[in-house]
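Below: the structure, in structure tokens.
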Protein chains: 2
Amino acid sequence: MDQKFDMDADKSQRGVAAVDRALSIIAALEAWSMPRNLSEISRATGLYKSTILRLLQSLQDAGYVIRVDESKYALGPTVMQLGLAYERANPLRHLFLPVMQRLVDAGLESPSFHIRQTAEERVCLFRLDSNHSTLDRVHAGDRLPMRRGAAGKVLLAFGEDHAEGEEMDQIRRDCFAASLGERDKFCAGVAAPVFTRRDRLMGALSLSGPKERFTPEDVERMKGPLQAAVRELTTEMGGTYPT
Amino acid sequence: MDQKFDMDADKSQRGVAAVDRALSIIAALEAWSMPRNLSEISRATGLYKSTILRLLQSLQDAGYVIRVDESKYALGPTVMQLGLAYERANPLRHLFLPVMQRLVDAGLESPSFHIRQTAEERVCLFRLDSNHSTLDRVHAGDRLPMRRGAAGKVLLAFGEDHAEGEEMDQIRRDCFAASLGERDKFCAGVAAPVFTRRDRLMGALSLSGPKERFTPEDVERMKGPLQAAVRELTTEMGGTYPT
DNA sequence: AATGATCGTTTCGTTAAACAGAACAGATGC
DNA sequence: GCATCTGTTCTGTTTAACGAAACGATCATT
């Protein structure tokens, strides 16, 4: 595989570089389905072998990585347990995924749910793929920009800072946003807000996919089911949807 | 909760301390089922808030942690995806767990499967709890000593360095080891080797629990089912069991 | 309403943690 | 047998990371 796991250069200034390196090793192991040796990890991550060995010591100690066949490394049982802990702690999955699945079953585009993470970024919490043969590439865990994409716009429009501007006003009136080719020129999406108690924004549910499936007719067709879904989720979250 | 997540002092010399710190934050979030704020994380891990913030930057960038309610932190979707990747990459679970579950259903003690990790340590890959009301505390991911515990002895006896000594010879003859109060004075266990192709040791399957349930009669009663289980697993792994 | 405690965030001087890179012995492939 | 690749170890150098304090905001108590 030729996917590189270099650390994102513009992010290395704000966290801890050694932690970034360690997590890039885990990401490389995750991408492979078989244990890999030191040199393969070095090629994939761009890290020196001595650096990798030091980092692997910590990852092995914590059970994130195990060493098998004396010289290969693989994901260890701690990642499984973290996954289970995430499921235990996150009952939202059991609420959101059925609603999202119904959107898929209705033949619409790929649903995702996003929340704001920082002033400039959102994170995708859940993502299902549509039944179409082509998809836009978004995964749970992805960090995406706030200022581009339908979901980002919804988060800006309904967030606490109540972003200003004609476009934001329109989104607030419609409880709906569309974005054609903003985040990525080949992709498009529509989004609507999910509220929780006290009229607070919880996040944005979106439908996204390749741009050619977002004609004005397509967008109009998706609006109803999407808004029905966010109304249902808002009710379940103890919120009331603005009329 | 009062569980501390301080880094293990004797391990901080060999990995990367910043990575150890970051993983201790994840461990703290895993132990809680609700999002927690900075001060709670600080109390639990013993780390300074400024240190935690820096580490959290990296963890958020990679999706291991998300920030919710503006000031609380929780496990993020990347840990779920790692858990799924681990399951995908580790078909052994689907082979081992049913066999281990049958040992539980037979009313025996808690089964675990261990592999060697370093010269001095083993790692528990899988663990099921018995149906008894008291258990020994072992979890998947735990690092345990090679020189103590029944599973450790089995790994030494059948490992490539073929550890010497009367006790090791006996274990090799019986394909079985028992350990009463070695790893922990209140616990005991029995273990047997699982082989794979070319007579190579794969790991050790053990049954363990509180010591008082390991009388000579108990040990004798567990030996048969345990050895039947490891024979079955060895056959499935393409190995042949020494007669 | 005032006050104290606790929170999240930012800053920066210091130091030792972490790195890069080389060297080496062993294994593998031709 | 030789070239290449591997895993492992070592160490001088540098800067990454830390600790600790300060600050403004929020919350709880009186």
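Naming convention: chains lettered A, B, ... in sequence-line order (proteins, then strands); numbering from 1 in each chain. All values derive from a computational prediction rather than experimental measurement.
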Distance in angstrom units between [X] [atom1] and [N] [atom2], rounded:
| X | N | atom1 | atom2 | value |
| --- | --- | --- | --- | --- |
| B:Glu70 | C:dG8 | CD | P | 12 Å |
| A:Arg36 | D:dT6 | CZ | P | 13 Å |
| B:Leu47 | D:dC18 | CG | P | 8 Å |
| A:Asn37 | C:dT28 | CG | C1' | 12 Å |
| B:Glu40 | D:dC27 | CD | P | 15 Å |
| B:Lys72 | D:dC27 | NZ | C1' | 13 Å |
| B:Leu38 | C:dC7 | CG | P | 9 Å |
| A:Gln57 | D:dT9 | CD | P | 9 Å |

Nearest heavy atom decides the nucleotide; on that basis, is B:Leu55 or A:Ser50 closer to the 5' end of DNA chain D?
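Closest to the 5' end, via its nearest nucleotide, is A:Ser50.
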
Which nucleotide sits closest to the side chain of [X]: [options]?
| X | options | value |
| --- | --- | --- |
| B:Ala17 | C:dA17, C:dC19, D:dG7 | C:dA17 |
| B:Arg67 | C:dG8, D:dT8, D:dA17 | C:dG8 |
| B:Thr51 | C:dA18, D:dC18, C:dG8 | D:dC18 |
| A:Lys49 | C:dG8, C:dA20, D:dG7 | D:dG7 |
| A:Leu53 | C:dT9, D:dT9, D:dG7 | D:dT9 |
| A:Arg54 | D:dG7, C:dC19, D:dC18 | C:dC19 |
| A:Tyr73 | C:dC7, D:dT8, D:dT6 | D:dT8 |
| B:Arg43 | C:dC7, C:dA20, D:dC18 | C:dC7 |

If only side-chain N and O atoms of A:Ser39 are considered, is one of them under 4.0 Å from the OP1 or OP2 phosphate oxygen of D:dC5?
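It does not, given that no N or O in the side chain of A:Ser39 lies less than 4.0 Å from OP1 or OP2 of D:dC5.
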
Has A:Arg21 got a side-chain N or O lying under 4.0 Å from the OP1 or OP2 atom of C:dA18?
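So the side chain of A:Arg21 is outside the cut-off, no N or O lying under 4.0 Å from OP1 or OP2 of C:dA18.
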
Among B:Arg172, B:Glu167, B:Arg173, B:Glu166, find the one that has a side-chain hydrogen bond (donor to acceptor under 3.5 Å, both in side chains) with B:Gln170.
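Result: among B:Arg172, B:Glu167, B:Arg173, B:Glu166, B:Arg173 is the only option passing the side-chain hydrogen bond (donor to acceptor under 3.5 Å, both in side chains) with B:Gln170.
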
Please determine which of A:Arg67, A:Glu40, A:Arg36 meets the side-chain hydrogen bond (donor to acceptor under 3.5 Å, both in side chains) test together with A:Tyr73.
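Testing each of A:Arg67, A:Glu40, A:Arg36 against A:Tyr73, the sole residue satisfying side-chain hydrogen bond (donor to acceptor under 3.5 Å, both in side chains) is A:Arg67.
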
Over all heavy atoms of both residues, which pair between B:Ala18 and A:Val19 is shortest? Give the atoms and the distance, please.
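The answer is O-CG2, 3.6 Å.
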
Are any non-hydrogen side-chain atoms of B:Tyr86 and A:Leu82 less than 4.5 angstrom apart?
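A side-chain contact under 4.5 Å is absent here.
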
Specify whether B:Phe113 and B:Phe126 have parallel, tilted or perpendicular ring planes, treating 30° as the upper limit for parallel and 60° as the lower limit for perpendicular.
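Geometry flag for B:Phe126 against B:Phe113: parallel rings.
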
